[in-house]
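Numbers for residues simply follow the sequence, beginning at 1.
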Amino acid sequence: MSKKPKFDRDQVVANATNLYWEKGYHATSMRSLQDAIDMRPGSIYAEFGSKDGVFKASLEHYARLSIMQLHGIREASDSPLSALKTFVKQAVIDTQTAAPSCMCMLAKTVSELTEEQHDLLSVAKQALKSVENRFVALISEAQQAGEVGQDKNASELARFLQIQITGLRMYAKTSDENVPLEKMIDDLFNHYPF
């Protein structure tokens, strides 16, 4: 009979996600990971296989949270397009002060990793794609509701939206000025392909 672990796996992954989001993959030492998740190396290897295994679980956790957030926003919104706009505002504006890093953990990971970490890079890319696919579903719903023209390609709009989120986050992070993010997002939805 196997022993039940003496830790809450979901909480461990959530703590690791916060650490990786703040520091990134390379700057997270095994020691800082142990401290953040309150596990010793033997337990980490037994549960996750390696530091990479913890990182993979963190990437998947982060993607699930993003999709759950988008789903919750849609449930509370009166339209799919307003849900997308609210999500973008939360993803861009709220992360300026409320997140460990104002960059999306997935985008940060893709920019940080090389082909030497091919498996992790692949997980991050797939996680980004799963969020983008959810955008496609909402844009298609918006087309059915008459909020977005039927002549628009939902996949192209979803890709465009993903690029805008990443770009706005990066621009805000690198700008020394007080960037009018809310107005920029309103303009994005009022004057661009949507």
Side-chain angles (χ1 to χ4, degrees), residues 5 7-25 28 33 36-37 47-48 52-113 119-145 147-148 154-155 157-170 172 181-182 185 188-189 194:
F7 59 86
D8 179 341
R9 189 178 199 282
D10 292 338
Q11 188 58 55
V12 165
V13 172
N15 291 347
T17 301
N18 287 336
L19 177 66
Y20 281 123
W21 193 2
E22 180 181 354
K23 292 182 170 272
Y25 172 77
T28 299
L33 181 61
I37 64 177
E47 182 65 23
F48 298 99
D52 286 4
V54 180
F55 190 60
K56 179 180 176 190
S58 296
L59 291 171
E60 291 166 345
H61 172 75
Y62 182 85
R64 275 192 309 276
L65 286 179
S66 296
I67 291 169
M68 285 171 44
Q69 178 188 9
L70 188 53
H71 181 71
I73 291 169
R74 176 59 189 109
E75 296 235 324
S77 297
D78 56 356
S79 80
L81 199 58
S82 69
L84 275 172
K85 188 175 180 181
T86 299
F87 178 82
V88 173
K89 286 185 176 183
Q90 287 184 9
V92 173
I93 297 170
D94 293 355
T95 58
Q96 295 302 304
T97 56
S101 159
C102 68
M103 284 184 68
C104 167
M105 181 179 170
L106 301 174
K108 184 178 182 177
T109 297
V110 169
S111 66
E112 178 185 14
L113 298 182
D119 290 345
L120 295 176
L121 189 57
S122 180
V123 170
K125 286 179 179 179
Q126 185 55 48
L128 273 170
K129 193 66 178 167
S130 67
V131 174
E132 191 174 301
N133 288 340
R134 186 64 188 126
F135 290 168
V136 171
L138 279 176
I139 292 165
S140 296
E141 186 184 343
Q143 287 177 311
Q144 296 302 316
E147 296 181 317
V148 174
S155 294
L157 285 177
R159 189 168 43 248
F160 173 79
L161 195 56
Q162 191 82 291
I163 291 166
Q164 297 308 308
I165 292 170
T166 304
L168 285 167
R169 279 176 148 168
M170 181 58 74
L181 292 171
E182 187 149 2
I185 294 166
L188 170 68
F189 279 86
F194 294 95

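- A donor-acceptor pair under 3.5 Å links the side-chain atoms of Arg169 to the main chain of Ala91, judged by distance alone.
- The number of heavy atoms from other shown groups lying within 6.0 Å of NZ (Lys89) is above 12.
- The main-chain N or O of Tyr25 is found under 3.5 Å from a side-chain atom of Glu112 such that the two form a donor-acceptor pair.
- Arg74 places a side-chain N or O within 3.5 Å of a backbone atom of Ser77 that can act as its donor or acceptor partner.
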Going through the distances and angles, do Lys23 and Leu19 end up as a side-chain contact (heavy atoms from CB on, under 4.5 Å)?
CA-CA 6 Å; Lys23 292 182 170 272; Leu19 177 66; 3.6 Å; yes
Show me the donor-acceptor pairs, under 3.5 Å and distance only, between side chains in residues 123-130 and residues at least two apart or in other chains.
from	atom 1	to	atom 2	distance (Å)
Lys129	NZ	Glu132	OE2	3.2
Ser130	OG	Ala127	O	2.7

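- Not one N or O on the side chain of Lys85 forms a donor-acceptor pair closer than 3.5 Å with the backbone of Leu188.
- Counting all heavy atoms, side chain and backbone alike, Val13 lies closest to Ser58 at O-OG, 3.8 Å.
- The heavy-atom pair separating Lys108 from Gly24 by the smallest distance is NZ-N, 4.0 Å.
- Using the six-membered ring where Trp is involved, Phe135 and Phe87 have ring planes that are perpendicular, over 60° apart on the 30 and 60° scheme.
- When every heavy atom of Ser155 is checked against every heavy atom of Val136, the shortest pair comes out as CA-CG2, 3.8 Å.
- Under 3.5 Å, the side chains of Gln11 and Asn15 contain a donor-acceptor pair of N or O atoms.
- Counting non-hydrogen atoms of neighbouring residues, nucleotides and ligands closer than 6.0 angstrom, the NZ atom of Lys56 reaches no more than 12 such neighbours.
- Residues Leu59 and Tyr20 form no side-chain contact, since every pair of their non-hydrogen atoms from C-beta on lies 4.5 Å or further apart.
- When all heavy atoms are compared, the tightest approach of Leu120 to Leu113 is CB-CD1, 3.6 Å.
- Partner Thr86 forms a side-chain contact (heavy atoms from CB on, under 4.5 Å) with one of Ile185, Leu81, Ile73 and no other, that one being Ile73.
- The two residues Val131 and Ser66 come nearest to each other via the heavy atoms CG2-CB, 4.0 Å.
- Residues Phe55 and Met105 approach most closely at CE1-CE, 4.0 Å, considering heavy atoms.
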